[in-house]
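The structure appears right after this line, and notes come after that.
Treat the numbers as computed from the prediction; the structure is a model and nothing was measured.
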Amino acid sequence: MVHSAYDSFELLAGCPSKIESVESYGSKILLGCADGSLLVYAPESKRSATVPEMRKELYTLERNLKGFAKKAVVSMQVVESRELLLSLSESIAFHKLSSFEIIAVITKAKGANAFCWDEHRGFLCFAKQKRVCIFRHDGGRGFVEVKDFGVPDVVKSMSWCGDNICLGIRKEYVILNATSGAISEVFTSGRLAPPLVVSLPSGELLLGKENIGVIVDQNGKLRPEGRICWSEAPTEVVIQKPYALALLPRFVEIRSLRAPYPLMQTVVFRNVRHLRQSNNSVIIALENSIHGIFPVPLGAQIVQLTAAGNFEEALSLCKLLPPEESNLRAAKEGSIHIRYAHYLFDNGSYEQSMEHFLASQVDITHVLSLYTSIILPKTTIVHDADKLDLGDDLNLSRGSSSVSDDMEPSPASNMSELDDSADLESKKMSHNMLMALIKFLQKKRHSIIEKATAEGTEEVVFDAVGNNFESNNSTRFKKINKARGSIPVSSGAREMASVLDTALLQALLLTGQPSMAENLLRGLNYCDLKICEEILQEGSYHVALVELYKCNSKHREALELINKLVKESKASQSNIAHRFKPEATIEYLKPLCATDPTLVLEYSMLVLESCPTQTIELFLSGHIPADMVNLYLKQHAPNLQSTYLELVLAMNEDAVSGTLQNEMVHIYLSEVLDWHGDLSSQQQWDEKVYNPKRKKLLSALESISGYNPETLLKLLPSDALYEERAILLGKMNQHELALSLYVHKLHVPELALSYCDHVYESTHKASVKSTSNIYLMLLQIYLNPRRTTKNYEKKISNILSPRSKSFRKVRSKSFSKSKSLGSKKIAAIEIAEDTKASQSSDSGRSDVDTDEFIEEGDTSIMLDEALDLLSRRWDRINGAQALKLLPKETKLQNMLPFLGPLVRKSSEMYRNCSVVRSLRQSENLQVMQSREQRAA
């Protein structure tokens, strides 16, 4: 859209000579005339003359230099850094700017038709017919020729581009390497308009081809989208950021340098001969007059463009505001972004609208006000009114220039044009609108959440050191949620974070992205609990609701919901309910084991029956105290007690208390006793039958050491479970009784021998003396069964007192309830006395009484088993004592397996002792002889 980027002003008229070229220097205008004279014009006012820039006022002739050149001055260029004026007439001459005195004339440039100057290096390049010459200014009045190259045709236009020179010859554009003279073609020039080469501020080149200006880089490569389409083919182009001005036959056309290079303004002139850029304007030279077109102040242009809806151009002009107006620039850019965003939003360009809202740094509540269906939490945030003021252009225009007030629409009219609340409320939210909002909120979220987190951390730190914040805001101690430790929410970052996350959650749900909503809730978030809970309940977003409860530490509510959905999944076949299986409760409870084990145990009981293995694994992996778990299982799932205790013991037996070990053994024993009672009632009991329960009991009795064997022994039936009884007696060091059970009740000599081996090896490792007596004890049991049986009955009756036989239940809890405190003490004393007497009796028999006789003719002795024991363990038995125990009628041949290795070992030991004794005697003799020799 066309706007007033420049104002034209006639600077001088009635020039006495025809103007051929024009240049400016400070506030002065230099005119090269057809008669070879140079006219110097200056502003009328002396004050203006002291300001080194062009002024919008009349100019008067200050100086007329006749004979400045012999012929018409067709071109001029001021080199301010070197205080030089270059003029092209008959030749190329260099003049002092102060006095216009000729410093040097390039005689070789006679007949030149174009030149260009490299300010950085001081290089002059000119074209003469089909030759291109390069001279270097060496300072002062000297010029040195550097290069002379031939070109294909006459040069019409030329410009430096880095180290190269771009030449516009009759039919094409070429790039000439200033060092080597190599020429590379760019593209052909137009047929109707002469070649035109213009240097751009970016270092690129603008090449004319008919009415199109093509932008190329310094190597001649076309730039993407580098096309400026003029109304007609220009004869000259001047670049003054941010615009390009082209001289056309009937007017001067002004276009933006920002793609797509739109038309900004046209200034009508007739018979214009030249355009020339000055320090702050563009000079237009007619035949006998000079006009200046001065840029309208940027502030006023921004106002015009914004009011006309040309927001892109307005934003591009904001970037050109001077650095000293940075605050004004930021405010203006924000205002334009907001207006542009509203404009795009009203026209359905939602994503682009959100990009401009994002660039404006406007509060998210302003954007969310456009979405009436989204419910927001109440906040105490006070918005900056200046940020939302869409009508502050007047201030900007006054800050950058003097612009009248009538150029600025009123704030009320702007708001009514771009943000009609009635239209917004009646407009139905579309998917694209919500998707654009989601992207906007996600881009804003990182910085807002970061500030909210820092705000909470700061409060926690100050609270930790006892310096609580004091605030004038009455809502200082409003709580946001429990997930962040009930940190008080101020009217700052956390309130904004709550608004953002609550809106984002709703937008995700409204666009059918529940999984994204769940991910939002799984991470750090500030969603408003009350609002989000209602929305998720209404929409039946159960997974998201669980995550909402979880992030707000509402674990009981979450577990109740999961349990409800698990029950529904069993009763119905709904798709949502299927997502909640009993395992969901277990997964939820895992992170809570360390923080709230009581809650874990309470709700794990709901899924213990359906997922026993996973639940027990939860207890183990969560490191919940075993005593606490055992108590819960005992009350709610006693059938799983043993499974849990087995796994605990398997993981680390030392970490399990003796109480739990005793508990597990009692559980096994109770199960075995029940099994024994069932079979006994059916008269099907077999001592040699082992079911899995009994195998577990036997293994536990052998491996676990934390139970009380005396208590368990009293619970066993007198006519069964002999192997269990033997293990318990062994734990009590009643070895003779244990071996008697293996031999006379179980009739399994191998078990008796294994028992002896176990006792021998354990005591041997502990360096206990008389470890061989255990084998002699077994030998005596084999050879004197009648006496052993009598001893067994006597000792076992002492251990099992009559009043303790009535105890048949296993649970220690039932025992504690059945006796009073006094009876407990009496029973304990009596049991301790019986045990002490039994142990002393057994220890008194540790050395076998070899004086007792074995009656001859007693057919009940187990001689074969005794001889087998001697042959297999001859190295662990005292041979002399063993021989005393054997009957007199035992044949020597049957004792060979025992006596043979025993005698060989004894002989070997005797020989070794003899050798050692001989060596010692020999050594003593040698010592005595050596002493006698020394004494002599």
Side-chain angles (χ1 to χ4, degrees), residues 687-688 702 722-723 725-727 729-766 768-792 795 842-909:
E687 188 68 30
K688 295 184 179 180
E702 286 281 1
Y722 296 119
E723 187 171 352
R725 186 183 296 273
I727 295 174
L729 289 170
K731 294 286 185 178
M732 299 168 60
N733 291 326
Q734 299 290 337
H735 304 306
E736 184 179 359
L737 298 180
L739 291 172
S740 297
L741 288 175
Y742 286 125
V743 174
H744 299 304
K745 296 295 184 180
L746 294 173
H747 307 290
V748 185
E750 284 297 327
L751 288 179
L753 180 60
S754 299
Y755 180 88
C756 292
D757 292 338
H758 174 71
V759 174
Y760 175 86
E761 291 169 0
S762 60
T763 54
H764 182 71
K765 291 179 180 178
V768 179
K769 297 181 179 180
S770 302
T771 55
S772 60
N773 289 340
I774 188 67
Y775 294 101
L776 291 175
M777 191 180 295
L778 178 58
L779 184 63
Q780 190 176 13
I781 290 172
Y782 283 151
L783 298 177
N784 199 348
R786 183 177 300 175
R787 173 184 170 277
T788 304
T789 304
K790 291 180 180 180
N791 287 342
Y792 172 79
K795 290 181 180 181
D842 185 63
S843 62
R845 298 289 300 173
S846 61
D847 291 331
V848 178
D849 189 0
T850 58
D851 297 333
E852 293 187 6
F853 296 98
I854 299 176
E855 299 179 2
E856 296 182 9
D858 190 354
T859 57
S860 62
I861 66 172
M862 305 170 68
L863 184 59
D864 294 338
E865 288 78 358
L867 293 174
D868 181 67
L869 171 64
L870 292 174
S871 65
R872 296 171 65 178
R873 296 294 184 269
W874 61 267
D875 55 335
R876 297 184 178 183
I877 300 175
N878 188 306
Q881 293 183 0
L883 291 174
K884 291 180 180 181
L885 291 175
L886 289 174
K888 296 179 180 179
E889 63 271 14
T890 305
K891 296 181 180 181
L892 183 61
Q893 183 178 0
N894 294 335
M895 291 188 292
L896 287 179
F898 165 65
L899 295 176
L902 183 62
V903 171
R904 284 193 295 272
K905 182 180 179 181
S906 299
S907 301
E908 184 178 353
M909 291 178 63

With sequence neighbours excluded, residues passing side chain to side chain contact (heavy atoms under 4.5 Å, CB included) with P897: S871

Criterion side-chain contact (heavy atoms from CB on, under 4.5 Å) on L886 and L870, from CA distance to verdict: CA-CA 11 Å; L886 289 174; L870 292 174; 3.9 Å; yes

Side-chain heavy atoms of V748 within contact of Y742, under 4.5 Å: no

Atom pair CG/CZ of D868 and R873 - distance to nearest 0.5 Å: 9.0 Å

Pairwise side-chain contact, H735 with N773, heavy-atom cut-off 4.5 Å (strictly under): no

Rounded distance (nearest 0.5 Å) linking atom CD1 of I774 with atom NE2 of H758: 10.5 Å

Spacing of CG belonging to L778 relative to CD1 belonging to I877, to within rounding of 0.5 Å: 8.0 Å

Spacing of E702 atom CD and I727 atom CD1 [to the nearest 0.5 Å]: 4.0 Å

Shortest non-hydrogen separation from E736 to I781 and the atoms involved: O-CD1, 3.7 Å

Straight-line distance of L737 CG to L729 CG, nearest 0.5 Å: 5.5 Å

Heavy-atom closest pair, residues Y755 and G730: OH-CA, 3.0 Å

Heavy-atom closest pair, residues I861 and P887: CD1-CG, 3.9 Å

From R872, Q780, R876, residue fulfilling side-chain hydrogen bond (donor to acceptor under 3.5 Å, both in side chains) relative to Y775: R876

Chi angles and distances behind the side-chain contact (heavy atoms from CB on, under 4.5 Å) call for L753, L869: CA-CA 8 Å; L753 180 60; L869 171 64; 3.6 Å; yes

Euclidean distance, E865 CD relative to L783 CG, rounded to 0.5 Å: 10.0 Å

Test item: H744 side-chain N/O and S740 main-chain N/O as donor-acceptor pair under 3.5 Å: no

CA sep, side-chain torsions, deciding dist, call: Y782, L863, side-chain contact (heavy atoms from CB on, under 4.5 Å): CA-CA 7 Å; Y782 283 151; L863 184 59; over 6 Å; no

Side-chain donor or acceptor of E687 paired with backbone N/O of Y722 under 3.5 Å: yes

